[in-house]
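Comments concern the structure below.
When a residue number appears, it is its place in the shown sequence, counting from 1. Every value quoted in this text rests on a predicted model; they were computed, and no experiment measured them.
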Amino acid sequence: MASEKKPHQYAPLLSQEVNHEDLESIPLTSNFTLDLLQQEITKWRRRFYLLLASSLICILTISAGSEYRLRTTPTSEFSCPIFPTNHGSVEIPYSPAPVKYVNKYLVGDPDTKKFMGEPRPELDEAWHELLDATLIRYTDDELALANNATSVRHKDGGYVGGLGISHALHCIKRIKQYLHPEYYYSHEKQDWKELYSHVDHCLESLRQELMCSADVNVYTLKWTRHSRFKPSVKVPQPHACVDWEALHGWMKGRASRFEDMIGPPDRLYEGLE
């Protein structure tokens with residue numbers, strides 16, 4: 001009598017990846033199959049716990065680093081390459097100037113009294129100090145990074161140039177002097193048409209610069225005794241301001257003079273005499 005053939009029983013290979021749902025659907029017909037399944041379950045448990053441990057280590061490391069940075073960074077002072085940082089796809093021009101920001105209210109500046117009022121030696125000295133290091137020295141590499149810019153050569157190598165803030169401050173000083181011609185321009189003959197043109201240029205430059213770096217801080221209104229019809233402006237939150245002392249110190253370390261420039265070539269003036 002011929003023996004009846006039993007159907008073959010198949011067990012998954014160890015090299016095959018089996019998930020827990022697949023394991024539950026496989027019939028347990030022998031101790032061999034049970035051993036294979038137990039090995040697969042053990043292997044997946046090891047993988048799970050290894051992944052869990054690695055994730056916890058990464059999370060703890062990142063959290064510790066963030067906590068350390070928050071504890072060691074003053075709340076009123078921070079540094080970043082450019083502010084604001086949410087500039088999207090807009091290209092931020094290169095500048096070698098170190099930028100550090102501080103939070104401050106734009107009221108109660110102790111230097112305000114020096115810059116306001118009638119012309120006097122104290123005011124002139126304040127502006128002289130403020131515009132110190134208007135001209136600074138750049139290296140060849142720095143101007144190459146600044147959109148391959150060119151400038152007047154420095155006699156000791158590199159170039160002579162400046163920062164945008166220096167031009168803006170120069171313009172404010174010019175306008176201030178234009179308001180007091182009897183003090184600043186009475187000692188010699190002036191080309192008033194040229195002087196007016198310079199001041200007009202400064203006003204337009206300042207208009208564009210203010211709109212370019214528009215101040216979007218919130219301001220509010222309040223009634224004061226100065227008027228029953230027009231309230232005064234109040235700024236309830238501090239600005240994020242460039243640390244001027246730090247920036248000006250960097251500028252002074254690179255200060256240049258007109259005497260440091262290499263003069264223009266004679267061919268530039270051919271035919272003008």
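Using a 30° and 60° split on the angle between ring planes, F115 and W127 fall in the perpendicular class, above 60°.
P236 is not listed as a side-chain neighbour of N217, based on a closest heavy-atom distance of 4.5 Å or more. Put simply, the side chain of R257 does not reach to within 4.5 Å of the side chain of V160, judged on heavy atoms. At least one side-chain heavy atom of K176 sits under 4.5 Å from a side-chain heavy atom of L123. At least one side-chain heavy atom of D132 sits under 4.5 Å from a side-chain heavy atom of K252. Taking the side chain as every heavy atom from C-beta outward, L247 and L163 approach each other to under 4.5 Å.
Note: H167 NE2 to E209 CD = 7.0 Å, rounded to the nearest 0.5 Å. Taken to the nearest 0.5 Å, the OG atom of S186 stands 13.0 Å off from the NE2 atom of H180. If you take OH on Y185 and CH2 on W192, they are separated by 7.5 Å, rounding to the nearest 0.5 Å. Note that CG of D109 is 5.0 Å distant from NZ of K104, once rounded to the nearest 0.5 Å. With rounding to the nearest 0.5 Å, the separation of NE2 in H187 from CD in E182 is 13.0 Å. Summarising the geometry, atom CD1 belonging to I165 is positioned 8.0 Å from atom CG belonging to L130; distances are rounded to the nearest 0.5 Å.
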Original post:
Between E245 and K100, does a salt bridge (Lys or Arg N to Asp or Glu O under 4.0 Å) hold up when you go through it step by step?
Top reply: CA-CA 10 Å; E245 296 300 326; K100 185 168 75 169; over 6 Å; no
**OP:** Before giving the answer on side chain to side chain donor-acceptor pair (under 3.5 Å), spell out for S232 and H226 the whole-Å C-alpha distance, their side-chain angles and the decisive distance to 0.1 Å.
**Re:** CA-CA 8 Å; S232 297; H226 88 283; 3.3 Å; yes
**OP:** List the steps, then state whether side chain to side chain donor-acceptor pair (under 3.5 Å) holds for Y183 with D124.
**Re:** CA-CA 11 Å; Y183 181 88; D124 295 336; 3.0 Å; yes
Compile the donor-acceptor pairs under 3.5 Å between side chains in residues 168-175 and protein atoms, sequence neighbours left out, one pair per line.
residue	atom	partner	partner atom	Å
H170	NE2	H198	NE2	3.3

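As a member of the Ile/Leu/Val/Met/Phe/Trp/Tyr network built from side-chain separations under 4.5 Å, L145 groups with Y94.
The neighbour count for N147 CG, taken as heavy atoms of other residues, nucleotides or ligands under 6.0 Å away, does not exceed 12. For R207, the CZ atom sits in a packed shell: over 12 heavy atoms of surrounding residues, nucleotides or ligands are nearer than 6.0 Å. Around atom CG of D266, no more than 12 heavy atoms belonging to other residues, nucleotides or ligands sit under 6.0 Å away.
Remark: K234 pairs with no residue by the salt bridge (Lys or Arg N to Asp or Glu O under 4.0 Å) rule, at least two apart or across chains.
Stacking of R153 on the aromatic ring of Y159 is recorded, both the 6.0 Å distance cut-off and the 45° axial limit being met.
Side-chain contact of H239 with N103: a donor-acceptor pair under 3.5 Å is absent, judged by distance alone.
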